[in-house]
Protein chains: 2
Amino acid sequence: MSTRHRHGKAAHDVAALHTEAASRLAAVGQRFTSNRRLLVDALARADHPLSIPELLEATGDVAQSSAYRNLSVLERAGVVAKVVTNDEWARYELTEDLTGHHHHLVCGSCGAVRDVVVPGDVEADLDRALAVLAKREGFELQHHRLDLVGVCKKCS
Amino acid sequence: MSTRHRHGKAAHDVAALHTEAASRLAAVGQRFTSNRRLLVDALARADHPLSIPELLEATGDVAQSSAYRNLSVLERAGVVAKVVTNDEWARYELTEDLTGHHHHLVCGSCGAVRDVVVPGDVEADLDRALAVLAKREGFELQHHRLDLVGVCKKCS
DNA sequence: CGCTATCTGAGAATGATTGAGAAAATGCCG
DNA sequence: CGGCATTTTCTCAATCATTCTCAGATAGCG
């Protein structure tokens with residue numbers, strides 16, 4: 001997707017993304033190294049969460065263990081989030097405050113995951129309802145995850 | 001299918017649950033053996049998805065490999081569903097058409113998962129909105145997963 | 001009863017992920 | 001530019017959940 005429809009406060013361009021990533025890493029005492037930049041760029045380029053193999057291919061020249069290690073560093077720094085799906089690999093994406101809040105279309109047949117943004121008013125209603133619910137349950141709500149599970153265009 | 005609280009089929013009592021499980025297994029050419037009954041009963045007793053270790057304890061006397069094997073059989077038969085969380089084990093629960101549609105409160109700090117039911121009107125609105133969205137994306141929507149992530153009472 | 005297909009349990013195998021330590025890179029100070 | 005400290009990367013082996021294998025036990029059926 002790159003450059004097309006990105007919304008609001010999210011990092012609009014690569015430069016902003018980089019400075020933001022760098023400063024979050026710095027906050028945890030880590031540097032924004034070339035490997036990490038490669039990973040972040042690959043994630044920024046994709047419009048869906050990437051698995052380790054995809055990431056290795058997308059970045060070209062990063063050792064597998066480095067990818068694992070650096071992703072976990074980036075996760076600790078709050079730059080990427082691990083998305084656990086039903087298929088065998090963990091997947092990674094940039095955190096929502098870098099990319100905007102979104103959800104996933106999960107294909108039950110091929111395992112593909114694609115991002116979707118639900119209309120703001122739906123999201124707002126949902127947030128309100130969930131906040132009430134959480135309060136009633138004595139649960140401190142941080143965020144929600146909503147996945148649409150079904151069959152993607154390609155598989156049907 | 002998800003908006004309805006339960007279509008006539010939902011198993012209200014253990015006996016009904018057993019016949020339903022047996023017939024779904026039969027439909028896939030499998031038997032409802034004692035091990036499988038133990039697993040189903042344990043899941044029915046719990047008010048939250050169980051991990052393999054929990055399940056082994058709750059059933060008392062089932063070999064680990066049998067648990068894995070039988071859960072996957074039960075999954076194929078449409079009796080149980082695998083719930084993937086961010087913590088290390090997969091968790092299992094009875095499928096929604098046996099227990100009623102519900103969501104999860106996921107504690108990001110201790111990994112505990114608890115079931116919640118959101119108010120019917122919220123659910124209905126959400127379903128409607130998601131259906132529109134899915135259609136627009138050329139995605140054949142089967143059901144949705146909504147998890148509330150935060151901190152549970154015990155951890156805060 | 002005996003046949004046959006299915007199920008069980010113990011352990012081995014698999015495959016994703018992580019850890020530990022050595023090697024390399026980078027930053028810093030003069 | 002050197003030397004030293006710190007951080008990062010790489011290699012390789014370990015770990016851990018999950019799946020597979022296979023010999024023996026069981027159930028359903030004639």
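Labels below follow one simple rule: chain letters A, B, ... track the order of the sequence lines, proteins then strands, and each chain is numbered from 1.
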> For A/R76 and D/dT8, what is the distance between atoms CZ and P respectively, to the nearest whole Å?
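My rounded result for the distance is 10 Å.
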> Could you check how far CG of A/L38 sits from C1' of D/dC10, rounded to whole Å?
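Distance, rounded to whole Å: 16 Å.
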> Strictly below 4.0 Å, N to O, side chains only: are A/K153 and B/E140 in salt-bridge contact?
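Judged by the 4.0 Å cut-off on N to carboxylate O distance, A/K153 and B/E140 do not form a salt bridge.
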> Expressed as a whole number of angstroms, how long is the span from A/Y68:OH to D/dC16:P?
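Distance check: A/Y68 OH to D/dC16 P gives 17 Å.
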> Can you tell me how far C1' of C/dT26 sits from CG of A/L25, to the nearest Å?
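Checked: the CG to C1' distance equals 16 Å.
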> Does the salt bridge (charged side-chain N to carboxylate O under 4.0 Å, His left out) test come out yes or no for B/E93 and B/K82, once each step is laid out?
CA-CA 7 Å; B/E93 63 181 6; B/K82 191 192 285 197; over 6 Å; no
> Would you say that more than 12 heavy atoms from the other residues, nucleotides or ligands in this model lie under 6.0 Å from the CD of A/Q142, or not?
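Yes, because the 6.0 Å sphere around CD of A/Q142 holds more than 12 heavy atoms from other groups.
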> Could you list who else is in B/L126's hydrophobic cluster, with ILVMFWY side chains joined at under 4.5 Å, directly or through other members?
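Its cluster partners, ordered by chain and number, are A/L105, A/V116, A/V118, A/V122, A/L126, A/L130, A/L133, A/F139, A/L141, A/L146, A/L148, B/L105, B/V116, B/V118, B/V122, B/L130, B/L133, B/F139, B/L141, B/L146, B/L148.
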> Which whole-number value in Å describes the distance from B/W89 CH2 to D/dT19 C1'?
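B/W89 atom CH2 is separated from D/dT19 atom C1' by 18 Å.
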> Could you list all N or O pairs between the protein and nucleotides 4-12 of chain C that sit under 3.5 Å apart?
{"residue": "C/dC7", "atom": "OP1", "partner": "B/Q30", "partner atom": "OE1", "Å": "3.1"}
{"residue": "C/dC7", "atom": "OP1", "partner": "B/R31", "partner atom": "N", "Å": "3.1"}
{"residue": "C/dC7", "atom": "OP1", "partner": "B/R36", "partner atom": "NH1", "Å": "3.1"}
{"residue": "C/dC7", "atom": "OP2", "partner": "B/Q30", "partner atom": "OE1", "Å": "2.9"}
{"residue": "C/dT8", "atom": "OP1", "partner": "B/T33", "partner atom": "OG1", "Å": "2.9"}
{"residue": "C/dT8", "atom": "OP2", "partner": "B/N70", "partner atom": "OD1", "Å": "3.1"}
{"residue": "C/dT8", "atom": "OP2", "partner": "B/N70", "partner atom": "ND2", "Å": "3.3"}
{"residue": "C/dG9", "atom": "OP2", "partner": "B/N35", "partner atom": "ND2", "Å": "2.9"}
{"residue": "C/dG9", "atom": "OP2", "partner": "B/S66", "partner atom": "OG", "Å": "2.8"}
{"residue": "C/dG9", "atom": "N7", "partner": "B/R69", "partner atom": "NH2", "Å": "2.6"}
{"residue": "C/dG9", "atom": "O6", "partner": "B/R69", "partner atom": "NH2", "Å": "3.2"}
{"residue": "C/dA10", "atom": "N7", "partner": "B/S65", "partner atom": "OG", "Å": "3.1"}
{"residue": "C/dA10", "atom": "N6", "partner": "B/S65", "partner atom": "OG", "Å": "3.2"}

> A/L55 has an atom CG; how far is it from atom P of C/dA16, in whole Å?
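From A/L55 CG to C/dA16 P: 15 Å.
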> Kindly say whether the aromatic ring centers of A/H101 and A/H144 come within a distance under 6.0 Å.
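Yes, they do, as the ring centres are separated by less than 6.0 Å.
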> For B/I52 and D/dC16, give me the distance from atom CD1 to atom P, rounded to whole Å.
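Rounded to whole Å, this separation is 17 Å.
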> Please report, to 0.1 Å, the donor-acceptor pairs under 3.5 Å made by any side chain of residues 64-71 of chain A, with sequence neighbours excluded.
{"residue": "A/N70", "atom": "OD1", "partner": "A/R36", "partner atom": "NE", "Å": "2.9"}
{"residue": "A/N70", "atom": "OD1", "partner": "A/R36", "partner atom": "NH2", "Å": "3.2"}
{"residue": "A/N70", "atom": "ND2", "partner": "A/S66", "partner atom": "O", "Å": "3.1"}

> Roughly, in whole Å, what's the span from CG in A/L71 to C1' in C/dT17?
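In whole Å, C/dT17 C1' and A/L71 CG are 12 Å from each other.
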